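Nothing here was measured: the structure is a model prediction, and the numbers come from that model. In the text below, chain A, chain B and the rest are named by the order of the sequence lines, each starting its count at 1.
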Amino acid sequence: MRQQKWVFVAVLAVSVVCSSLSASRGTGLQHPEKSVVLIRSIKQDFDYVIPWKRKNMTRSMGSGLVIAGKRILTNAHNVSNCRYVELTKENVARRYPAGILFIGHDCDLSILTVDDESFFQDTLPLELTGIPKVNSTVSTYGFPVGGDRISVTEGVVSRIETDTYAHSGADKHLVIQTDAAINPGNSGGPVIQDGKIVGVAFQGLREAENIGYMIPTTVIRHFLTDIDDGKYDGFGSLGTIFYPGLHSTSYKDYLKVPPNEDGVVVIGTVMHASVESILQSDDVMTRIDEYNIDNDGMVEIYGLRLSISEAVESKQIGETAQLTFYRRGKLMRGIATIAPNRPVFERTLQYDRPPPYVCFAGLVFTPATRNFLETWGPRWLREIPFYLRYLFTHSVQLNTDRQRREYVVLSGIMPDEVNSYAQEFKNHVVESIDGIKIHGLDDVHNVFKQTTSRFFTIKFMGNNRILPIDAKAARLRHQPILEKYHIPAEAHLETVP
Amino acid sequence: MNKQIIYIAFLSNVIFATCSYAATPGQSRPDLTETMKDSIVYLETSAYGYSPSEPWKHESLSESWACACAVGDYEVVTSAESVVNLAFLKALRYGQNEFVGAKIKVVDYEANLCLIRLDPNELSKPLKPLTFAEDYQKGAAVDFYWLSSDSHLYNGRGYLDRASVEPTRTSHGQRLRYVAGNTSQRTARGEVYCVGSAPIGIACWSNRENEAGLIPAEMINRFLKAVTEDSYKGFGEVGFVISELLDPSMRSFLDMPASVKDGAYVTDVYNLGTGCDTLEKGDVILKIDGNSLDPHGRFMHPKYKWLSFDHLITSKTVGESVLFEVWRDGKRTEIRANIKNFKASEMLVPYHEFDQQPEYVVTAGFVLQRLTREYLMEFGDDLAGDTPSHLYHYYRDLAFKPTAERQDIVVLSYVLPAHINLGYAGLGQMVVRKFNGMTIRSIVDILRAQKLNPESKHDVIEFEMDSPVVVITREQLPAADTFIRKNYGIRTLSNVNP
């Protein structure tokens, strides 16, 4: 047994040496300690059930890399909901408090800075390069679990495609899959080829072996360009729902698309998107800018065949894209503006934003968000009340109210005599109060302040019952409830910290 | 002196009798084994239902058994759930080695009762009918009896714990049930329960807490009385939904005086069932047939104590009427409503499709089906969590609300891949809105719509919720349908009830 263990360690040592030699010769970094840093952070997530509270603090560790301009690039998830960040360089017995300059949760990237100029002494900023070729060798650097020093692992690029970024839970961008080991702590570290960055390690697959993902430089460049103006706007989209239906010659014939044309069928547009006035259902989009769209909804870009969204991903919000499409056999063109085009029921997880709320007479109202839904636990999509699931999965189709900004849910009840019978309405989505349609949380705040009727009559979506609250009693109990439950304010409507 | 002795002796007998029924279960209980030998039969059932996901195909043949209780010389009663999707039925009576032919005479899945007639020519002698006693003695000791396939008559024991109105396993509605506790055996297959020597009900469910649900004598007797009439009309179904009215603010909001303490709030009114045409959302039901409803929607039954209001409707037969006293627009109003019921097939999303093949149309490999609860159950038992939410919405909110404009929800369940539907293979769970421009009210409309626009090259199917349009080239359709029928083993490409 003892012998076997030794043999194993010896093999491991040889492997590390080989990998290290190969890295220094070809794909890797000569002096990783000058470019790769350890990030320690203290995090405190928000409580989406009692929104004026935060959860317990946790410590986390990740990696980062030095880039030009005395900046440290890392993953957003290393520093999201953060109370404190500090950096450590290998071989330097000092810790440096850091600040977050920019954070892009939709692309899981963040830029940190260190006020102490001495931090950047003897550092070597890394440069970005292009998309590596599939089957080419890459090296991953970082501070994963299992040791204190910089780790390097080598692997090949296995796959390049669009996939979901786990940090936001819904945003999809280009990812590069590698079999180089990416473990907890590697996040934010550079993936290197020929001494340059080809990606930032950021996520893996739990149920698989040797499947790790990096954020490619196309996404990193978009992020860095975005923050050039001093603020981060995020990625945008066309706001169009496509179906790759032209494999059916009958469908193609019905839509009067010339036989030699490829494209995708438009089946819907997102409310308020610029394409609302350009595209209609049953239009067939054949081209976006200079890219021809094939019947699978793919375009040739970066020398690769990638999703049509990649043609939009390269653009900043506010930029435009020229669309070429057929409508009932007629070739048409239009200019679409790239915009966030978020659905009214936000599907992505939010960070660094204290959850807004309104608390009136112990009734706590919050916007219906993914974060709120995930308070039901790992099987949240199955466990949440049906109507929330229905709205979450189909809000784009179900919401026909152009004034709606969000759905508001009665998320909690601070028990008191005035709300004793409201419990059954908990987690229901508010439709109206006193006949006034609720389009956003501020409407709730306003209606409770302004209404003079005898009852606040609250109607909920998908529920035929109404909740009448005695207005006089509610006003009387409002302040004592805030005091009893130590609620710092009756409302927090700010959505940006 | 003699008189006094006689009186004392009589009194002690009464006390003894009472104890044997309720206070000391297990002592001096009559053994009805011999009596039941001529009154309980063993049923062997073969069920051969259809697959909700491949409706042209039967599911595996399943065999089961049940008990039935004689209610006539050649007639027995059992629970309806024992005969769901029945393909073949045979009976065995005590002491007779050969199976006896049996046929269903009346089955009512809403009442969960079934009357079966045995072949008189095959029975060795007539059965001895039992009479169900409607006495209800809470806490009474109960004995139950059943006949096994090897012609042994077994019995077990428990006590009568409660009467309640509860959901049935074979219908959307709620019905009166007795619940027996501490039962010595799990019983759910029509076993006959007795208090003393009197049958009081037949078993329809059991649980791990050693409880058993019984269809009570009252329900059985009404069912048997109703089936003797010329045409069996069945019992009432509730056509509305109530919710508790506990909140004083809500009562005040409804302008109800403080002196009115009773009443339950009507939160929804269906398009089917009793009260659907007379009650309104927002009514407060104060009384039904003179029985005051408490804020939970219960009334004080003289025998069973607090019961859900449903019993006041579901215990009446169709053709009778019911009197609602409601609080509407700030005042008391009396409304008389006819007792109504409806078949599951009349629902917008039927609760079940027992004993019938699901309705479907397959065209060019597109499988179009009627949305039913059984269809949704294919996704998992937790309908609210497992099913596609846009489909569950129809079941949850609109199942009881068919209209002239919409009698069925027709779903493209999936696509059987073939050359004609190339590019569409991944589609599924989409609700059909139009077929060849015709708004689809029911699945039978699909067949009608296929004949529309004869000059058109295509059949065109449109769906709800930002879905692609399905286009089928008509010229290719006959050959494609032949291929699909042969390749996927589909005997007939449609099953639609007119």
Is the count of non-hydrogen atoms from other residues, nucleotides or ligands lying under 6.0 Å from [X] atom [atom1] greater than 12?
X: A/His272; atom1: NE2; answer: yes
X: A/Lys459; atom1: NZ; answer: no
X: B/Glu475; atom1: CD; answer: no

Gap separating the [atom1] atom of [X] from the [atom2] atom of [Y], nearest 0.5 angstrom:
X: A/Ile241; Y: B/Asp466; atom1: CD1; atom2: CG; value: 4.5 Å
X: A/Ser250; Y: B/Lys457; atom1: OG; atom2: NZ; value: 9.0 Å
X: B/Met465; Y: A/Leu398; atom1: CE; atom2: CG; value: 4.0 Å
X: A/Leu246; Y: B/Leu422; atom1: CG; atom2: CG; value: 12.0 Å
X: A/Leu467; Y: B/Phe253; atom1: CG; atom2: CZ; value: 10.0 Å

Please flag which part of [X] lies under 4.5 Å from any non-hydrogen atom of chain B: side chain, backbone, both or neither.
X: A/Pro244; result: backbone
X: A/Leu255; result: neither
X: A/Ser248; result: both
X: A/Tyr243; result: side chain
X: A/Phe455; result: side chain
X: A/Tyr387; result: side chain
X: A/Asp282; result: side chain

**Request:** Check whether the side chains of B/Ser243 and A/Arg465 place a donor and an acceptor atom closer than 3.5 Å, and report yes or no.
**Result:** yes
Please identify, among [options], the residue contributing the most non-hydrogen atom pairs under 4.5 Å to chain A.
options: B/Ser467, B/Pro468, B/Ser389, B/Gly426; result: B/Ser389
options: B/Asp397, B/Val266, B/Asp382; result: B/Asp382
options: B/Val241, B/Val460, B/Val470; result: B/Val460

**Asked** Excluding sequence neighbours, so at least two apart, what forms side chain to side chain donor-acceptor pair (under 3.5 Å) with B/Asn271?
**Response** none
So do the side chains of [X] and [Y] get within less than 4.5 Å of each other, counting heavy atoms only?
X: A/Arg454; Y: B/Ser252; result: yes
X: A/Lys252; Y: B/Val471; result: no
X: B/His458; Y: A/Asp253; result: yes
X: B/Met250; Y: A/Ile466; result: yes
X: A/His247; Y: B/Asn421; result: no

**Aromatic plane relationship, A/Tyr390 with B/His393 - under 30° parallel, 30 to 60° tilted, over 60° perpendicular** = parallel
**Request:** Answer yes or no: is there a donor N or O on one side and an acceptor on the other, between the side chain of A/Arg382 and the main chain of B/Ala384, under 3.5 Å?
**Result:** no
**Prompt:** Do side-chain atoms of B/Arg396 reach the backbone of A/Gly462 as a donor and acceptor pair under 3.5 angstrom?
**Reply:** yes
**Message:** Give me the atom names and distance for the closest heavy-atom approach of A/Pro468 to B/Ser249.
**Reply:** O-CB, 3.5 Å
**Request:** Work out which heavy atom in B/Val469 is nearest to a heavy atom in A/Tyr254; give both atom names and the distance.
**Result:** CG1-CE2, 4.1 Å
**Residues of residues 417-435 of chain A within contact distance of chain B, non-hydrogen under 4.5 Å** = A/Tyr421
**Prompt:** Among A/Ile469, A/Leu381, A/Thr457, which has the most heavy-atom pairs under 4.5 Å with chain B?
**Reply:** A/Thr457
